Enquirer: 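Mind looking over this structure? Questions follow.
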Amino acid sequence: MQIYNSLSGHKEKLVPIEPGRIGLYVCGITAYDDCHLGHARMMVTFDMVVRFLRMEGYAVHYVRNITDIDDKIIARAKKEDRDIGSIVEDCIQSMHKDAQALGIVAPDEEPRATLHMNEIITLIQQLMNKGYAYQQAQGDVLYSVRRFADYGKLSGKTLDSLRAGARVEVDPNKKDPLDFVLWKKARPGEPAWSSPWGEGRPGWHIECSAMSMRCLGKHFDIHGGGLDLKFPHHENEIAQSEAATGEIFSNIWMHNGFVQWEDEKMSKSLGNILTIRNTVQRHHPEAVRYWILSTHYRSPLRYDENELESARRSLARLYQTVAANSQETGTSPENDDRLAPIVEDFIDAMRDDFNTPKAISILFQLDRRIRQARQDGESDFAHQGALAMKRLAEPLGFLRSAPDEFAAYQPGLPAHLDHEKIDAMVSGRVEARRNKNWARADELRKELFAMGIVLEDSATGTRWHYQPGQGTSE
RNA sequence: GGCUAGGUGGCAGAGUGGUUAUGCAGCGGCCUGCAAAGCCGUACCACGUCGGUUCGACUCCGGCCCUAGCCUCCA
């Protein structure tokens with residue numbers, strides 16, 4: 001198993017600290033708003049990582065934190081005149097719903113900053129004792145970046161180059177402009193905890209150091225998160241943790257790439273986000289997963305409505321294969337070694353830094369073999385192939401629905417379309433067809449198509465579905 | 001300005017010093033009242049640009065152009 005380590009800049013063999021066990025910490029959400037597709041990518045990516053490592057036999061201890069105290073949460077509470085707690089709870093609930101929709105395996109632990117104040121304070125105390133932190137005139141406790149020789153090793157920057165291009169406003173109370181807050185002095189009306197440095201709350205970075213060490217120990221295997229956290233968040237985590245413990249913090253750092261919207265990063269600050277909930281309303285959740293995993297996790301991923309539809313169709317093909325070959329048809333040969341090379345190729349692709357696009361392509365090679373076998377009358381082999389396909393789809397989180405359920409999936413109708421009216425038109429056409437009034441039937445079909453409704457006549461009746469982007473009215 | 005990734009066929013997206021990626025779309029056939037869905041088959045002088053190395057480069061080296069990202073809260 002090889003994983004690209006952001007810290008070293010190349011792929012490295014995965015060598016667990018404890019044989020057979022992997023400690024994985026991923027930076028989760030800040031609970032102040034709905035999750036968007038960037039969060040979806042983070043969740044799906046590490047879900048795939050966890051699933052595959054477990055498939056490989058590792059006992060993975062997966063920790064994904066929640067930031068439940070932060071400037072943005074406080075700001076929103078003020079703006080909406082709401083209780084911080086209720087905002088946090090709502091956001092967490094919403095995030096869990098999104099994760100569930102996407103079929104994300106729940107983390108083993110989901111620590112929250114406010115529930116680990118003791119660990120946070122202890123860690124800051126250690127940094128104070130060792131001289132890595134100081135309290136400035138206003139009462140904030142800051143980390144002194146100049147004291148940590150390795151500062152910048154993750155982001156590949158030097159303190160001087162950072163300073164040269166810094167757009168940060170210079171705070172005269174800081175020894176270095178890049179010093180960051182460990183403990184923020186309480187302001188009136190803001191939530192606060194008592195500490196040796198007065199009432200206050202933790203800075204953003206310290207919680208992850210404290211909680212990851214609490215859950216996984218001072219030195220663990222993999223730390224992950226979105227690429228936007230690489231600097232300064234992860235850089236600061238390393239500085240805090242390694243300064244405090246004198247040990248290596250995380251062996252491997254994994255960063256997933258951005259989701260882009262029309263060649264720009266999708267982010268809150270640019271206001272070009274799409275929420276998970278909104279997306280899942282229009283596209284099957286598994287298609288969303290497929291779309292995310294059809295690009296390598298480190299590459300940028302452009303949002304494109306057509307690609308999501310394309311993902312659905314690709315998946316539909318695999319589903320059809322599974323459905324057509326799910327029945328045991330006879331005595332299967334003990335084990336067919338014709339499948340082994342394909343399975344091996346799949347595993348190899350995944351072992352190479354989680355090359356999911358390649359792995360998916362091998363799923364389609366398998367698909368081809370199965371269909372071929374079916375045509376050749378080798379239905380036992382086809383059945384075995386279908387079983388293998390389901391097994392290989394597991395780490396990707398594909399093929400988790402019943403095939404007919406997936407086929408029948410309907411995205412939510414846009415508001416301007418009236419379900420009853422459509423049904424009426426469809427029945428009208430069924431009636432016209434019964435009378436062999438083809439002209440009328442075709443006319444109705446055309447009208448429906450213009451609304452984006454596509455019909456399917458079959459022996460068992462007429463089905464219809466809404467197809468975004470089809471027809472004229474959008 | 002400093003630092004990172006990238007530029008592959010209509011779209012998306014892997015990979016490799018000389019051999020088919022893969023999916024979607026397209027095209028042809030079967031099926032269908034006609035369609036759709038499904039099934040079968042299938043084309044595409046694809047590898048940013050200019051040089052270099054090599055028997056041979058899309059794949060290695062160098063220059064150039066372009067794109068995205070980080071240097072500020074952000075998955």
Side-chain angles (χ1 to χ4, degrees), chain A residues 6 9 26-30 32-33 35-46 64 70-72 75 152 155-158 160-169 178 204 224-233 235 255-260 263-270 273 276 290-291 294-296 298-302 304 306-318 320 323-324 349 352 355-365 367-368 371-372 374-375 407 433 436-439 441-442 445-446 449 453-459 462-465 467 470:
Chain A
S6 299
V26 174
C27 288
I29 64 155
T30 297
Y32 77 107
D33 211 343
C35 292
H36 61 266
L37 291 180
H39 298 104
R41 190 172 193 196
M42 173 271 290
M43 290 197 271
V44 170
T45 297
F46 290 100
R64 189 183 62 207
D70 160 275
D71 287 351
K72 290 189 292 281
S155 52
K157 300 168 194 300
T158 62
D160 294 312
S161 74
L162 278 166
R163 201 138 70 150
R167 281 172 279 168
V168 216
E169 52 187 285
L178 287 158
W204 174 37
L227 188 58
D228 43 0
L229 298 182
K230 192 171 173 184
F231 189 91
H233 185 56
E235 192 69 63
H255 292 101
N256 63 272
F258 295 121
V259 175
Q260 299 186 333
D263 292 337
E264 253 188 349
K265 175 184 167 187
M266 183 179 281
S267 77
K268 303 279 302 191
S269 39
L270 291 172
I273 57 158
I276 295 178
Y290 186 102
W291 167 67
S294 64
T295 295
H296 185 83
R298 284 190 280 121
S299 301
L301 173 63
R302 263 171 299 286
D304 183 336
N306 297 326
E307 291 306 320
L308 277 149
E309 171 58 15
S310 163
R312 202 211 93 235
R313 291 180 192 221
S314 304
L315 222 34
R317 183 180 172 86
L318 299 181
Q320 262 141 14
D352 182 14
N355 192 340
T356 53
K358 189 171 184 185
I360 290 172
S361 84
I362 289 156
L363 234 38
F364 280 96
Q365 281 170 30
D367 179 274
R368 186 156 217 80
R371 286 163 182 257
Q372 217 170 61
R374 177 132 213 106
Q375 275 200 301
R433 288 186 74 224
K436 299 210 188 298
N437 184 352
W438 308 126
D442 290 350
R445 184 173 61 202
K446 217 171 148 187
F449 185 78
I453 303 299
V454 179
L455 299 169
E456 283 175 42
D457 298 326
S458 77
T462 296
R463 279 202 312 201
W464 63 267
H465 69 269
Q467 196 165 306
Q470 205 53 259

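Throughout, a chain's letter reflects where its sequence line sits, starting with A, and its residues are numbered from 1. Please read these numbers as outputs of a predicted model, since none were measured by experiment.
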Enquirer: For A/F449 and B/rA35, what is the distance between atoms CZ and C1' respectively, to the nearest whole Å?
Expert: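 A/F449 atom CZ is separated from B/rA35 atom C1' by 10 Å.
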Enquirer: At under 4.0 Å between heavy atoms, what does A/N256 touch on the DNA or RNA strands: base, sugar-phosphate, or nothing?
Expert: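 A/N256: base contact, heavy atoms under 4.0 Å.
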Enquirer: Applying a 4.0 Å non-hydrogen cut-off, can you work out what A/F258 is touching in the nucleic acid: base, sugar-phosphate, or nothing?
Expert: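 It contacts base atoms.
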Enquirer: Checking base pairs now: Watson-Crick or wobble, both atom distances under 3.5 Å. What partners B/rG62?
Expert: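 Here B/rG62 is engaged in a pair, and the nucleotide opposite it is B/rC50.
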Enquirer: For B/rG10, what is the paired nucleotide under Watson-Crick or G-U wobble rules, both distances under 3.5 Å?
Expert: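 Answer to the pairing question: B/rC24, which forms a Watson-Crick or G-U pair with B/rG10.
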Enquirer: Minimum heavy-atom separation for A/L37 to A/V259, with atom names?
Expert: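 Where A/L37 meets A/V259 most closely, the heavy atoms are O-CG2, 3.6 Å.
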Enquirer: One character per nucleotide, please: for nucleotides 5-15 of chain B, 5' to 3', B when the base has a protein heavy atom closer than 4.0 Å, S when only the sugar-phosphate does, - otherwise.
Expert: ------SSSSS
Enquirer: Only pairs with both distances under 3.5 Å count, Watson-Crick or wobble alike; so what is the partner of B/rC34 in this structure?
Expert: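 For B/rC34, the partner nucleotide comes out as none, under the 3.5 Å rule.
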Enquirer: Could you work out which one of B/rA75, B/rU22, B/rG2 sits closest to the side chain of A/V259?
Expert: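 So the side chain of A/V259 is nearest to B/rA75.
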Enquirer: Return the pairing partner of B/rC70 with a 3.5 Å limit on both distances, Watson-Crick or G-U wobble; otherwise return none.
Expert: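 Matched B/rC70 with B/rG2 under the 3.5 Å cut-off.
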Enquirer: Both A/I362 and A/L270 contact RNA chain B. Which one's nearest nucleotide lies toward the 5' end?
Expert: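 Closer to the 5' end of RNA chain B: A/I362.
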Enquirer: Between atom SG of A/C35 and atom CD1 of A/I29, what is the distance when rounded to the nearest 0.5 Å?
Expert: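 Spacing of SG (A/C35) from CD1 (A/I29) equals 4.5 Å.
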Enquirer: Choose from B/rG23, B/rC40, B/rA75 the nucleotide whose nearest atom is closest to any side-chain atom of A/M42.
Expert: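 Nearest nucleotide to the side chain: B/rA75.
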Enquirer: Would you say the side chain of A/V454 lies within less than 4.5 Å of the side chain of A/F449, judging by non-hydrogen atoms?
Expert: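 A/F449 vs A/V454: side chains touch.
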Enquirer: Provide, to the nearest angstrom, the distance between the CE atom belonging to A/M266 and the P atom belonging to B/rC73.
Expert: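 Atom CE in A/M266 sits about 22 Å away from atom P in B/rC73.
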Enquirer: Below 4.0 angstrom, N of the basic side chain to O of the carboxylate: do A/K358 and A/D352 qualify?
Expert: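 No, this pair does not count.
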Enquirer: The side chain of A/H36 is closest to which nucleotide in this list: B/rA75, B/rG33, B/rG69?
Expert: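 Ranking B/rA75, B/rG33, B/rG69 by closest atom to the A/H36 side chain puts B/rA75 first.
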Enquirer: Could you grab the distance from atom CZ of A/R317 to atom CZ of A/R368, nearest 0.5 Å is fine?
Expert: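 CZ of A/R368 is found 6.5 Å from CZ of A/R317.
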Enquirer: According to the Watson-Crick and G-U wobble definitions, with both distances under 3.5 Å, which nucleotide is paired to B/rC55?
Expert: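 Its partner is B/rG18.
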Enquirer: Closer than 4.0 Å, any side-chain N/O of A/R433 to the OP1 or OP2 of B/rG33?
Expert: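 Result: no.
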Enquirer: Pick the C1' atom in B/rG48 and in B/rA57, then give their distance to the nearest Å.
Expert: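 The answer is 16 Å between these two C1' atoms.
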Enquirer: For the pair made of NZ in A/K446 and P in B/rG33, what is the distance, rounded to whole Å?
Expert: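 Distance check: A/K446 NZ to B/rG33 P gives 21 Å.
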Enquirer: Side chain of A/T45, backbone of A/M42: donor and acceptor closer than 3.5 Å?
Expert: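 No, the answer is negative, given that no donor and acceptor are paired below the 3.5 Å cut-off.
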Enquirer: Closest approach to the side chain of A/D442, judged atom by atom: which nucleotide of B/rU22, B/rG33, B/rC24 is it?
Expert: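 Between B/rU22, B/rG33, B/rC24, the one nearest the side chain of A/D442 would be B/rG33.
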Enquirer: A/L227 side chain: which of B/rG69, B/rA75, B/rC39 is closest?
Expert: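 In terms of side-chain proximity for A/L227, the closest of B/rG69, B/rA75, B/rC39 is B/rG69.
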Enquirer: Please report the distance separating the P of B/rU42 from the corresponding atom of B/rU22, rounded so that it comes out in whole Å.
Expert: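 B/rU42 and B/rU22 have their P atoms separated by 11 Å.
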Enquirer: With respect to the side chain of A/D457, which nucleotide from B/rA35, B/rA21, B/rA75 is positioned closest?
Expert: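 Side chain of A/D457 sits closest to B/rA35.
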Enquirer: Roughly how far apart, to the nearest Å, are B/rG26 and B/rC66 at atom C1'?
Expert: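 To the nearest whole Å, 30 Å.
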Enquirer: B/rC58 and B/rG18: how far apart are their P atoms, nearest whole angstrom?
Expert: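 Rounded to whole Å, the distance is 11 Å.
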Enquirer: Once you round it to whole Å, what is the distance between P of B/rU4 and CD of A/E235?
Expert: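 From A/E235 CD to B/rU4 P: 14 Å.
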Enquirer: Can A/L227 and A/K230 be said to form a side chain to side chain contact (heavy atoms under 4.5 Å, CB included), step by step?
Expert: CA-CA 5 Å; A/L227 188 58; A/K230 192 171 173 184; 4.1 Å; yes
Enquirer: Measuring only the P atom in each nucleotide, how far is B/rA37 from B/rA75? A whole number of Å is fine.
Expert: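 About 39 Å, rounded to a whole number of Å.
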Enquirer: Keeping the roles fixed (side chain from A/S161, backbone from A/K157), state whether a donor-acceptor pair exists under 3.5 Å.
Expert: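 Not confirmed, A/S161 side chain does not pair with A/K157 backbone.
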Enquirer: Expressed in whole Å, how much space separates the P atoms belonging to B/rC61 and B/rU16?
Expert: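 Each nucleotide's P atom is 14 Å from the other's.
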Enquirer: Separation of A/L318 atom CG from B/rG23 atom P, in whole Å?
Expert: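 Result: 10 Å.
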Enquirer: Under 4.0 Å between any heavy atoms, over every strand shown, what does A/L229 touch: base, sugar-phosphate, or nothing? Just pick one.
Expert: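 Here A/L229 touches the backbone only, sparing every base.
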Enquirer: Counting Watson-Crick and G-U wobble pairs only, both distances under 3.5 Å, name the nucleotide matched with B/rC44, or none.
Expert: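 Here B/rC44 is not engaged in any pair, so there is no nucleotide opposite it.
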Enquirer: Pick the P atom in B/rA12 and in B/rC39, then give their distance to the nearest Å.
Expert: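 That atom pair is separated by 25 Å.
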Enquirer: In whole Å, I'd like the distance from the NZ atom of A/K157 to the P atom of B/rG69.
Expert: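 Those two atoms, NZ and P, are 14 Å apart.
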Enquirer: Do the side-chain N or O atoms of A/R445 get closer than 4.0 angstrom to the phosphate oxygens (OP1, OP2) of B/rA36?
Expert: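 Result: no.
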Enquirer: Under 4.0 angstrom, heavy atoms only, what part of the nucleic acid is A/G38 near: base, sugar-phosphate, or nothing?
Expert: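 Since a base atom lies under 4.0 Å of A/G38, the category is base.
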Enquirer: Applying the 5.5 Å / 30° rule, does A/W438 stack onto the base of B/rG33?
Expert: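 Yes.
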Enquirer: Could you tell me if the side chain of A/R302 sits less than 4.5 Å from the side chain of A/E307, heavy atoms only?
Expert: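 No, too far: nothing below the 4.5 Å cut-off.
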Enquirer: Which whole-number value in Å describes the distance from A/R313 CZ to B/rU22 C1'?
Expert: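 Rounded to the whole Å, the gap is 17 Å.
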Enquirer: Quick one: is B/rC39 close enough that its OP1 or OP2 comes under 4.0 Å of any side-chain N or O from A/Q320?
Expert: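 A/Q320 to B/rC39 OP1/OP2: side-chain N or O found under 4.0 Å.
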Enquirer: For B/rG62 versus B/rU4, give the span between their P atoms, rounded off to a whole number of Å.
Expert: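 Nearest-Å result for B/rG62 against B/rU4 at atom P: 14 Å.
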Enquirer: Using only modelled atom types and a 3.5 angstrom limit, is any donor from either the side chain of A/K268 or the base of B/rC73 paired with an acceptor on the other?
Expert: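 Answer is no: no donor-acceptor pair is held.
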Enquirer: Would you indicate what A/K230 reaches in the nucleic acid, counting non-hydrogen atoms under 4.0 angstrom: base, sugar-phosphate, or nothing?
Expert: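 Here A/K230 touches no strand at all.
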Enquirer: In whole angstrom, what separates A/H465's NE2 from B/rA36's C1'?
Expert: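 After rounding, the gap between these two atoms is 8 Å.
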Enquirer: For a 4.5 angstrom cut-off between non-hydrogen side-chain atoms, does A/S267 reach A/F258?
Expert: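 No; the side chains remain at least 4.5 Å from each other.
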Enquirer: Charged N to carboxylate O below 4.0 Å: is that the case for A/R371 and A/D367?
Expert: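 Answer for the salt bridge query: yes.
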Enquirer: Nearest to the side chain of A/R368, which nucleotide is it out of B/rU42, B/rA37, B/rC24?
Expert: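 Among B/rU42, B/rA37, B/rC24, the one nearest the side chain of A/R368 is B/rU42.
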Enquirer: Choose from B/rC40, B/rA75, B/rG23 the nucleotide whose nearest atom is closest to any side-chain atom of A/Y290.
Expert: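 When the side chain of A/Y290 is considered, B/rG23 is the closest of B/rC40, B/rA75, B/rG23.
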Enquirer: Which nucleotide wins on minimum distance to the side chain of A/R317, given the candidates B/rG23, B/rU72, B/rA68?
Expert: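 Shortest atom-to-atom distance from the side chain points to B/rG23.
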Enquirer: Please confirm whether the shortest side-chain N or O distance from A/K265 to OP1 or OP2 of B/rC70 is below 4.0 Å.
Expert: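 For B/rC70, OP1 or OP2 has a side-chain N or O of A/K265 closer than 4.0 Å.
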Enquirer: Would you classify A/M43 as touching base, sugar-phosphate or nothing, given that sugar-phosphate means primed atoms plus P, OP1 and OP2, and contacts are heavy atoms under 4.0 Å?
Expert: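 Nothing, no heavy atom under 4.0 Å.
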Enquirer: For A/L308 and A/Y290, what are the C-alpha separation, side-chain angles and deciding distance, and is it a side chain to side chain contact (heavy atoms under 4.5 Å, CB included)?
Expert: CA-CA 8 Å; A/L308 277 149; A/Y290 186 102; over 6 Å; no
